[in-house]
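This is a predicted model, so every value here is computed, not measured.
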Amino acid sequence: MSGNLVNIQSPGDFQQLLSQDLKRISLIYFWTSWAEPCVQMNQVVEGLAKAYPKLLALRVEAEEQQDISDSFDINSVPICLVLQGHALLARIEGGDATRLTETIARYLGSKSSGVPQSTTSQSPALPSSSETVEQLEVRMRNVMNQSPVVLFMKGEPNAPRCGFSRTAVALLREKNVVFTHFDILSDENVRQGLKKLNDWPTYPQFIVNGEFVGGLDVVKEMKESGEFDGVFFA
């Protein structure tokens, strides 16, 4: 196995590897042992890791690493995510080896490959209701400004529905931060729209004074470095 192909053993390992170099192109491959399409995709991912030494390939067993799967809305396998740092470049569902290979080549196959053409390969989905994109943004910003600190999470503070959201709530409570929350599982438009608005593909998301400050790993780093109080209690 190539040195740049890593089997993820824990959420901590995952966050550490993904945060080491925010300019690096990463491939996150969600798989299971029982899904037949994953057999071919395993070979494809291994081949890409060998062909592109600068690529960081993270192999995540979707059922064993449920918290990571939940944070990226993984409901089926195989799914491949291509990121630069924390910016989502492409989400490739199913065993589409051709599209995955072309996507990696687009970002690593030429001298200009390291620069993402956009923060996501997908156009923002139009709301299924009569709400326009502009109306959705206004609504999201209103929620972001409903209190000095807002946590966009999965579930409720007393009943989180993923491990990352549980950790986020515990962190804020440990620091005695007064906050409100928004359950992104209750509103699909907000769930998808906020990823685009804040240029951040995962949840939870921390908002302070109406501004996005980061995801869980960023806020953890703030706490460890001593920056937390200056941001959350300013």
Side-chain angles (χ1 to χ4, degrees), residues 1-2 4-11 13-15 17-18 24-110 113-114 116-128 154 161-164 184-185 187-196 199-203 215:
M1 187 170 67
S2 301
N4 58 332
L5 175 60
V6 181
N7 290 318
I8 295 300
Q9 303 298 323
S10 71
D13 291 343
F14 177 79
Q15 293 289 355
L17 287 166
L18 200 60
R24 190 175 188 180
I25 301 296
S26 301
L27 165 61
I28 307 173
Y29 168 50
F30 291 90
W31 70 287
T32 63
S33 59
W34 51 262
E36 186 175 344
C38 293
V39 175
Q40 179 192 8
M41 288 302 290
N42 274 328
Q43 297 175 351
V44 173
V45 170
E46 290 175 3
L48 288 170
K50 291 178 181 178
Y52 296 95
K54 293 183 178 180
L55 175 69
L56 174 62
L58 305 179
R59 193 154 50 186
V60 181
E61 211 292 345
E63 294 183 338
E64 291 181 1
Q65 304 297 333
Q66 191 64 52
D67 283 346
I68 301 175
S69 298
D70 287 346
S71 73
F72 285 97
D73 300 327
I74 303 300
N75 298 311
S76 63
V77 290
I79 289 181
C80 293
L81 306 180
V82 181
L83 293 85
Q84 183 173 43
H86 295 293
L88 181 65
L89 304 176
R91 181 183 178 104
I92 301 167
E93 302 192 13
D96 194 341
T98 299
R99 185 182 169 205
L100 175 61
T101 301
E102 290 175 348
T103 300
I104 296 300
R106 183 186 316 150
Y107 294 107
L108 289 173
S110 66
S113 60
Q117 297 176 358
S118 65
T119 55
T120 175
S121 66
Q122 298 173 320
S123 301
L126 291 174
S128 57
K154 293 183 177 181
R161 294 180 61 183
C162 85
F164 292 122
I184 54 96
L185 297 178
D187 191 318
E188 187 65 19
N189 289 349
V190 171
R191 181 180 186 177
Q192 300 303 328
L194 202 70
K195 295 178 184 180
K196 179 69 175 179
D199 191 17
W200 198 264
T202 62
Y203 291 99

S.K.: Identify, with sequence neighbours excluded, every residue that meets side chain to side chain contact (heavy atoms under 4.5 Å, CB included) alongside Gln66.
M.R.: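 Expected list: Ser69, Asp70.
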S.K.: Per the ring pair (Phe, Tyr, Trp, His ring centres under 6.0 Å) rule, what does the pair list look like for residues 79-98, sequence neighbours excluded?
M.R.: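 Only His86-Trp200 qualify under ring pair (Phe, Tyr, Trp, His ring centres under 6.0 Å).
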S.K.: Let's go through Val60 and Tyr29 carefully: what are the C-alpha distance in whole Å and the side-chain angles of both, what is the deciding distance for side chain to side chain contact (heavy atoms under 4.5 Å, CB included) to 0.1 Å, and is it a yes or a no?
M.R.: CA-CA 6 Å; Val60 181; Tyr29 168 50; over 6 Å; no
S.K.: I'd like to check Thr98 versus Asp96 (side-chain heavy atoms, cut-off strictly below 4.5 Å). Are they in contact?
M.R.: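 SC-SC contact between Thr98 and Asp96 confirmed.
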S.K.: Which residues pass the side chain to side chain contact (heavy atoms under 4.5 Å, CB included) test with Gln40, sequence neighbours left out?
M.R.: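 For Gln40, the residues satisfying side chain to side chain contact (heavy atoms under 4.5 Å, CB included) (neighbours in sequence not counted) are Val44, Ala97.
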S.K.: Taking the side chain as every heavy atom from C-beta outward, state whether Leu83 and Ile25 have any pair of such atoms under 4.5 Å apart.
M.R.: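 Side-chain contact under 4.5 Å: no.
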S.K.: Where do Ala49 and Asn4 come nearest, in terms of heavy atoms and distance?
M.R.: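 So the minimum-distance heavy-atom pair works out to O-ND2, 3.0 Å.
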S.K.: Do any pairs count as a ring pair (Phe, Tyr, Trp, His ring centres under 6.0 Å) and have a residue in residues 41-65, sequence neighbours left out, and if so which ones?
M.R.: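 Counting only pairs at least two positions apart or across chains, no ring pair (Phe, Tyr, Trp, His ring centres under 6.0 Å) contact touches residues 41-65.
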S.K.: What residues form a side chain to side chain contact (heavy atoms under 4.5 Å, CB included) with Thr103, not counting sequence neighbours?
M.R.: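 In terms of side chain to side chain contact (heavy atoms under 4.5 Å, CB included), with neighbours along the sequence ignored, Thr103 is linked to Val82, Ala90, Ile92, Arg99, Arg106, Tyr107.
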S.K.: Would you say the side chain of Ile184 lies within less than 4.5 Å of the side chain of Gln192, judging by non-hydrogen atoms?
M.R.: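 A side-chain contact is absent here, since even the closest heavy-atom pair is not under 4.5 Å.
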S.K.: Heavy atoms, side chains only, cut-off 4.5 Å: are Glu64 and Gln9 in contact?
M.R.: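 Glu64 does not reach Gln9 side chain to side chain.
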S.K.: Would you sort out whether Met41 and Trp31 count as a side chain to side chain contact (heavy atoms under 4.5 Å, CB included), showing the intermediate values?
M.R.: CA-CA 9 Å; Met41 288 302 290; Trp31 70 287; over 6 Å; no
S.K.: Is the closest side-chain heavy-atom distance between Phe30 and Gln65 below 4.5 Å?
M.R.: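 They are not in contact (no side-chain heavy atoms under 4.5 Å apart), so the answer is no.
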S.K.: With the side chain counted from C-beta on, respond yes when Arg59 and Ile8 share a heavy-atom pair under 4.5 Å apart, and no when they do not.
M.R.: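 Side-chain contact under 4.5 Å: no.
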S.K.: With rounding to the nearest 0.5 angstrom, report the CG to CG distance, Leu81 to Leu27.
M.R.: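 That separation rounds to 8.5 Å.
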S.K.: Taking atom CG of Asn7 and atom CG of Asp13, what is their separation to the nearest 0.5 Å?
M.R.: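 One gets 11.0 Å once the value is rounded to the nearest 0.5 Å.
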S.K.: With a 4.5 Å heavy-atom cut-off, do Ile28 and Phe14 have their side chains touching?
M.R.: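 Of all side-chain heavy-atom pairs linking Phe14 with Ile28, at least one is under 4.5 Å.
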S.K.: What distance separates Arg161 CZ from Leu185 CG, expressed to the nearest 0.5 Å?
M.R.: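 The CZ atom of Arg161 sits 5.0 Å away from the CG atom of Leu185.
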S.K.: Could you tell me whether the side chain of Asp67 and the main chain of Phe164 form a donor-acceptor pair under 3.5 Å?
M.R.: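 No, the answer is negative, given that no donor and acceptor are paired below the 3.5 Å cut-off.
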S.K.: NZ/Lys54 to CZ/Arg24 distance, rounded to the nearest 0.5 angstrom?
M.R.: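 Nearest 0.5 Å value for the NZ-CZ distance: 10.5 Å.
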S.K.: Name the atoms and distances for all side-chain donor-acceptor pairs under 3.5 Å in residues 71-80, with sequence neighbours left out.
M.R.:
unit_1, atom_1, unit_2, atom_2, d
Ser71, OG, Ile68, O, 2.7
Asp73, OD1, Lys154, NZ, 3.1
Asp73, OD1, Arg191, NE, 3.3
Asp73, OD1, Arg191, NH2, 2.2
Asp73, OD2, Arg191, NE, 3.4
Asp73, OD2, Lys195, NZ, 2.7

S.K.: Between atom CG of Leu55 and atom NZ of Lys50, what is the distance when rounded to the nearest 0.5 Å?
M.R.: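 So the CG of Leu55 and the NZ of Lys50 are separated by 14.0 Å.
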